[in-house]
Every structure is written in structure tokens, then in C-alpha cells.
Amino acid sequence: MPKTAPADANAALAAPAEAPAAEAAAQGAAEADEHAGARPAAPPQLPGAARKEEESSGDTMARQEAATRTALETAQRWGLDQVPLKAPPRPAARVVLTEGQGVKLADGRPPVVYRVPTDDKVVFLTVDDGDEKDPEFSRMAEELGIPLSAYVSDYLARENYGYFRDLHAQGVEINNHTINHRNLKVLDYDTQHQEICNQQDQLERQIGVRPRLFRPPYGEYNDDTLLAAASCGVAAVPLWNEEAFPDHMEWRYDDRKLHPGDIILTHFRGTGLWNASMPDLLRKVVNDVTAQGFALARLDDYL
């Protein structure tokens with residue numbers, strides 16, 4: 001009678017037959033992967049905060065690019081040579097004035113300023129009188145974001161203070177240029193006081209804000225002018241170093257260059273006097289200022 005093999009012997013005899021099958025299966029799977037190509041690993045997903053920051057950064061860049069395109073299109077529509085340079089943020093406090101070139105000080109009198117002491121590469125556009133009330137000028141200034149300050153005489157503005165209220169609503173300060181635009185230097189104190197202080201009252205009624213700044217007509221003043229201005233709340237008397245016209249700039253100094261803090265004078269005038277429009281004037285000023293590497297800022301923020 002034949003002997004039966006032990007159980008462990010049978011398992012040992014069966015093992016060699018199973019090993020080649022397992023190796024073949026593994027080799028087949030490897031070959032299948034080689035032919036199919038291994039799938040790339042999924043990229044790691046950013047944590048929530050980092051993902052939001054990346055998306056936010058992308059949104060910011062998109063907004064900046066859109067703003068740049070819009071600014072260029074607006075500049076081209078108004079016929080500018082290039083996009084105007086943007087002024088730095090409004091200073092936290094107005095400048096401290098000291099006696100020197102461009103600033104005249106006297107006790108009890110508002111300072112007389114031709115050039116604002118600042119290291120910012122900015123100049124200031126100021127517009128006098130109020131005769132021409134061109135809606136295209138105000139629209140151009142608003143669309144381009146051009147800051148300016150106005151100095152208004154009542155006898156020219158009274159027919160349409162609504163125009164100046166609209167300018168004020170878009171950020172233009174409406175300041176004092178007397179009631180009747182007379183040469184104050186030849187008037188007595190009482191008459192000067194009426195010219196200046198009555199216009200303070202009128203502008204407060206019409207615009208809703210009592211002006212801080214006052215400019216004497218023709219730039220002519222004397223000590224009585226400053227005393228009268230001080231008595232009705234004037235904080236400073238800005239004059240100018242340049243005067244702008246639609247076709248040229250007139251300069252106080254021979255170098256014929258802008259300097260940081262310079263004040264530019266021009267007027268609310270139109271084709272009747274200039275043979276050019278207020279937008280023509282603004283285009284000339286912005287092109288000249290930008291070409292010299294300056295930005296226009298709002299004088300009332302500094303002075």
C-alpha cells in the first residue's frame with residue numbers, strides 16, 4: 001500500500017506552481033502601465049487661505065489692467081499726449097509754511113504763497129474769475145481725474161452759481177476772488193473789507209462752505225488787503241509762478257521750468273477771448289505738466 005505524503009510536503013510541492021503565476025501577473029500589470037502611460041499625480045491643492053490670497057491677487061491685477069486701459073482710452077479721447085501722472089495721496093496734514101522763496105509771512109496776516117514747500121513732484125492748477133462756464137471743461141476734468149481749485153468773483157459767477165456748485169460736488173474747492181474784481185491795492189481798508197468779506201458770505205450761501213483761500217484780483221494787494229482777509233477767516237493767499245493759456249505758458253523765472261509746489265494760474269475764459277476753448281486750455285496744461293514729469297494736485301489739500 002503506497003504511503004501518503006505529509007500535508008506540509010503537499011504545500012511545498014504546490015508552491016513552485018503558484019509563484020510563476022504571480023510573477024506573470026505582476027509583469028503583465030507593469031507592461032500594461034508602460035503601454036497606457038502612468039497618470040500624472042493630481043497637483044496639491046492650496047490651503048483655503050493661500051488659495052483665496054492667490055485669487056485675490058489675480059483679481060487685483062485684472063482690475064489694475066482694466067484701470068490702465070480705461071485711463072489710456074480716456075486720455076486719447078480728450079486728445080492728450082499721454083496719460084496724466086497721478087498725484088501722491090493727499091497729505092495727512094497741510095504743509096507748515098516758513099518764510100522763504102515763494103512764501104511771505106507777517107504776524108496777524110495770512111501767508112502769501114507763490115510756491116508751496118513740498119518734496120512731492122506736484123504742481124497746482126488754479127482757475128480764476130468765473131466768466132466762462134463750459135460744461136465740457138468740468139466733464140473733462142472729472143473724467144481725467146484732474147484736481148484744480150477755483151477763485152470766483154461774484155459779478156461773473158452770480159448768473160450761474162449752479163455751475164460752481166457742480167464743480168464743488170466733483171471735488172473742486174470754490175475760493176474767494178472778491179465781489180467785483182477791483183484792484184484792491186488802490187482801495188481803502190473798508191472797501192477792501194467789503195470786497196473780500198462779502199464774497200466770503202456769498203460763497204458760503206451759494207456753495208455751502210466758507211472759503212479758506214483768497215486771491216486778490218491781478219495779484220495786487222497791500223497790508224490792508226491781508227488784514228481785511230484775516231478778519232473774515234482767510235487762511236492763505238495763493239498767488240502764482242506760471243500763467244497758462246491754450247497755446248503757451250508764461251513763466252515768472254527765466255529757467256521756464258516747473259518746480260515742486262508751483263502754482264499755475266489760468267482763467268475761466270472761452271473762445272470769445274482766447275479763440276480756444278476751456279478743454280483746449282486744460283489739454284495744453286496737462287500735456288505740459290506731464291511732459292516735465294509732474295502730476296497735478298489740489299492746492300487746498302496742501303495749503
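Keep in mind the model is a prediction, meaning the values are calculated, not measured.
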* **Within residues 164-179 or reaching into it, pairs that qualify as salt bridge (Lys or Arg N to Asp or Glu O under 4.0 Å) - sequence neighbours excluded** => E173-R298
* Check each of M249, E242, R283, H248 against D288 using the side-chain contact (heavy atoms from CB on, under 4.5 Å) test, and report the only one that passes. => M249
* Structure fact -> So the salt bridge (Lys or Arg N to Asp or Glu O under 4.0 Å) pairs with at least one residue in residues 89-107 (sequence neighbours excluded) are R90-D301
* Side-chain donor-acceptor pair present, H181, D129, cut-off under 3.5 Å -> yes
* **Stepwise side chain to side chain contact (heavy atoms under 4.5 Å, CB included) check, L239 with Y221** => CA-CA 11 Å; L239 296 183; Y221 70 96; 3.9 Å; yes
* L273: which other cluster members, linking ILVMFWY side chains closer than 4.5 Å, directly or transitively? -> none
* Validate the cation-pi geometry between K133 and Y163: distance from NZ or CZ to the six-membered ring centre under 6.0 Å, angle to the ring axis within 45°. => no
* Using salt bridge (charged side-chain N to carboxylate O under 4.0 Å, His left out) as the criterion, list what pairs up with R139, not counting sequence neighbours. => E136, E143
* What distance do D201 atom CG and D154 atom CG have between them, rounded to the nearest 0.5 Å? -> 11.0 Å
* Results of side chain to side chain contact (heavy atoms under 4.5 Å, CB included) for A157 - residues two or more places apart only -> V152, Y161, F164
* Partner residues of R256 under the side chain to side chain contact (heavy atoms under 4.5 Å, CB included) criterion, sequence neighbours left out -> W251
* How would you list, by chain and number, every residue that makes a side chain to side chain contact (heavy atoms under 4.5 Å, CB included) with E220, sequence neighbours excluded? -> N183, K185, Y218
* **Pairing residues for D300 by the side chain to side chain donor-acceptor pair (under 3.5 Å) criterion, not counting sequence neighbours** => S149, N175
* Check side chain to side chain contact (heavy atoms under 4.5 Å, CB included) between L227 and all other residues, then give those that pass, not counting sequence neighbours. => R109, Y189, D223, D224
* Structure fact -> Applying salt bridge (charged side-chain N to carboxylate O under 4.0 Å, His left out) to E250 and not counting sequence neighbours gives none
* Structure fact -> Sorted by chain and residue number, the side chain to side chain donor-acceptor pair (under 3.5 Å) partners of T225 (sequence neighbours excluded) come out as Q192, N222
* Indicate yes or no for a side-chain donor-acceptor contact from T118 to the backbone of D120 under 3.5 Å, with no hydrogens or angles considered. => yes
* E243/R252 ion pair, N-O < 4.0 Å -> no
* Asked: Linking Ile, Leu, Val, Met, Phe, Trp and Tyr by side-chain heavy atoms under 4.5 Å, what else ends up with L72?
  -> V83
* Electrostatic pair D128:R215 at N-O distance under 4.0 angstrom -> yes
